[in-house]
Amino acid sequence: ADVQSLRLKPYPPSRNRVATDQPNEDKYRGDVNDMLQHLMDQAQLMVGKNSAHMTKEDKLRYLEFLDKHGAFLITYSNAQVCKALNISQF
């Protein structure tokens, strides 16, 4: 195909979280470290326990929440999360 004849499809607004009716935590704007901390705080509130008192199942729910909200797309976020949960990265 000729490069000149290629046309880019417009980015669908439905893929833009700001343009959708997603919860406020999905619309967060600002520093990525602040966003990660915000998501970690939300995960802890969802679990309802301090990390020192979390069971393995609680920590898995915490991690699933962060994964669902894209926290692990942030570079080196895994190190911060593991430190907060007092678990190994490996």
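Note that this is a predicted model, so its numbers are computed, not measured.
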[atom1]/[X] to [atom2]/[Y] distance, rounded to the nearest 0.5 angstrom?
{"X": "Leu60", "Y": "Met54", "atom1": "CG", "atom2": "CE", "result": "11.0 Å"}
{"X": "Leu73", "Y": "Leu36", "atom1": "CG", "atom2": "CG", "result": "11.0 Å"}
{"X": "Tyr62", "Y": "Met40", "atom1": "OH", "atom2": "CE", "result": "4.0 Å"}
{"X": "Asn33", "Y": "Thr75", "atom1": "CG", "atom2": "OG1", "result": "10.0 Å"}
{"X": "Leu66", "Y": "Lys68", "atom1": "CG", "atom2": "NZ", "result": "12.0 Å"}
{"X": "Glu57", "Y": "Glu64", "atom1": "CD", "atom2": "CD", "result": "11.0 Å"}

Taking every non-hydrogen atom, the tightest pair across [X] and [Y]:
{"X": "Val81", "Y": "Phe72", "answer": "CG2-CE2, 4.0 Å"}
{"X": "Gln44", "Y": "Ser51", "answer": "NE2-N, 4.3 Å"}
{"X": "Lys49", "Y": "His53", "answer": "CD-O, 3.6 Å"}

Summary of salt bridge (charged side-chain N to carboxylate O under 4.0 Å, His left out) pairs that have at least one residue in residues 77-90, sequence neighbours excluded
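Every candidate salt bridge (charged side-chain N to carboxylate O under 4.0 Å, His left out) pair involving residues 77-90 fails, so no pair, neighbours aside, qualifies.
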Do the side chains of Val47 and Phe65 get nearer than 4.5 Å, heavy atoms only?
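No, their side chains stay 4.5 Å or more apart.
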Can you tell me if Asp58 uses its side chain to pair, donor with acceptor, with the backbone of Thr55 under 3.5 Å?
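Indeed, once roles are kept as given, a pair shorter than 3.5 Å links the two residues.
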Is the backbone N or O of Leu85 less than 3.5 Å from a side-chain atom of Lys59, with the two atoms forming a donor-acceptor pair by type?
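Side chain of Lys59 to backbone of Leu85, a donor-acceptor pair under 3.5 Å: yes, one is there.
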Just wondering, are more than 12 heavy atoms of other shown residues or ligands nearer than 6.0 Å to CG in Asn86?
no
Do Gln37 and Asp41 pair up side chain to side chain, a donor and an acceptor below 3.5 Å, judged on atom types alone?
yes
Taking side chain to side chain contact (heavy atoms under 4.5 Å, CB included) as the test, write out the residues that go with Gln89, two or more places apart.
Asn78, Ala79, Cys82
